[in-house]
Amino acid sequence: MLRYIINAQEMEYILRVIIAAICGGVIGYEREKRLKNAGIRTHILVSMSAALMMIISKYGFFDVALVNEGIRVDASRVAASVVSAIGFLGAGVIFVRKENTIGVTTAAGLWATVGLGLAIGAGMYFAGVTFTVLVLLVQLILHNKRFKFSTQTTGSIVLRIDNSNFTIGQVNSVFKEKKLDVRNMRLVLRDGGQDVSATIIFSKKDNINDVMKQLETIGKITSIEITTFG
């Protein structure tokens, strides 16, 4: 019966996969703390899989090349395929809601996790660990509101108005007065009143409280709900 003995080289491969899993888990933990679609398990699997694919790409075909002298091995082919394939997984965590794109940062994080997995799988431990720290710092520091450079955010306004004499033009005039960028508006009629919902692009200079106070002057509003997505 043949016995398979794990040599020092294969122990090195296992160590690379474990380190890649730890680094991926660190990035995934930060994403999961923010309740993102891709969390710890996803990032660990992506990172350790990328490391294994890099190991296979570099060392998995040496035996074939040694036996057949005429065969040339491209050590980068499998690794290059991994970089292309991660696009499908990244696309799965990106959603568009109310004209606001969600999940782009998580998708970029998955792509970055593939990079660190490939680096560690190639034996570039210092580069992979350093890159993990940099990714984590970017996620933590730039997520702070003080570092946000966007000047606008998407939001929705929902009004419940108990006034049969109400016209949607009254709401539209308030939006025009406040110079809000209205993307779409919907009116739903019901017994004794109407419900109005609108998707709006708010800029930083827009005071949402002032908008609510102005809307309160229209008819008999029983509820105002403003939600921002950015």
Side-chain angles (χ1 to χ4, degrees), residues 10-58 60 76-156 199 201-202 225-230:
E10 289 188 329
M11 290 297 295
E12 171 78 9
Y13 299 156
I14 294 172
L15 177 63
R16 295 182 187 185
V17 172
I18 292 174
I19 294 175
I22 294 172
C23 292
V26 170
I27 296 176
Y29 176 76
E30 186 276 334
R31 292 286 85 191
E32 191 151 307
K33 287 282 287 184
R34 301 193 188 281
L35 303 178
K36 302 301 180 180
N37 296 317
I40 296 177
R41 289 179 299 175
T42 303
H43 283 78
I44 288 177
L45 289 174
V46 167
S47 183
M48 64 190 300
S49 297
L52 179 62
M53 295 300 177
M54 174 58 86
I55 292 170
I56 294 173
S57 188
K58 287 187 68 175
S76 65
R77 178 166 295 182
V78 176
S81 300
V82 173
V83 176
S84 301
I86 191 59
F88 294 97
L89 184 59
V93 298
I94 299 177
F95 300 93
V96 178
R97 183 180 65 180
K98 300 286 187 178
E99 300 189 19
N100 194 47
T101 304
I102 302 171
V104 176
T105 303
T106 301
L110 287 173
W111 192 52
T113 303
V114 166
L116 75 88
L118 292 174
I120 294 174
M124 303 166 65
Y125 300 110
F126 182 75
V129 173
T130 302
F131 181 73
T132 301
V133 175
L134 291 175
V135 171
L136 195 61
L137 288 176
V138 169
Q139 299 280 39
L140 293 175
I141 295 176
L142 296 185
H143 191 271
N144 192 300
K145 292 182 178 179
R146 290 177 296 178
F147 293 93
K148 287 191 175 181
F149 306 107
S150 176
T151 58
Q152 62 183 25
T153 181
T154 307
S156 69
T199 300
I201 305 297
F202 293 99
E225 179 182 346
I226 298 180
T227 306
T228 58
F229 305 118

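The residues of the chain are indexed from 1 along the displayed sequence.
In this structure, Thr42 has no side-chain hydrogen bond (donor to acceptor under 3.5 Å, both in side chains) partners at least two apart in sequence or on a different chain.
Rounding to the nearest 0.5 Å gives a distance of 9.5 Å between CZ of Arg41 and CD1 of Ile44.
Applying the side-chain hydrogen bond (donor to acceptor under 3.5 Å, both in side chains) definition to pairs two or more places apart or across chains, those involving residues 104-116 are Arg31-Thr106. Pairs of residues two or more places apart, or lying in two chains, never qualify as salt bridge (Lys or Arg N to Asp or Glu O under 4.0 Å) while including a residue from residues 17-28.
Using a distance-only test at 3.5 Å, with no hydrogens or angles considered, a donor-acceptor pair links the side chain of Ser49 to the main chain of Leu45.
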Enumerate, atom names and distances included, each donor-acceptor pair closer than 3.5 Å involving a side-chain atom of residues 15-30, sequence neighbours excluded.
residue	atom	partner	partner atom	Å
Arg16	NE	Glu12	OE2	3.4
Arg16	NE	Tyr125	OH	3.3
Arg16	NH1	Tyr59	OH	3.3
Arg16	NH1	Gly121	O	2.8
Glu30	OE2	Arg34	NE	2.5

Can you list, pair by pair, the side-chain donor-acceptor contacts under 3.5 Å of residues 126-138, counting residues two or more places apart and other chains?
residue	atom	partner	partner atom	Å
Thr130	OG1	Phe126	O	2.7
Thr132	OG1	Gly128	O	2.9

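Looking at every heavy atom in both residues, Leu110 comes nearest to Ile86 through O-CG1, 4.2 Å. Heavy-atom minimum distance, Met53 versus Val78: O-CG1, 3.6 Å.
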Can you list the steps and then say if Ile120 with Leu116 is a side chain to side chain contact (heavy atoms under 4.5 Å, CB included)? CA-CA 6 Å; Ile120 294 174; Leu116 75 88; 4.1 Å; yes
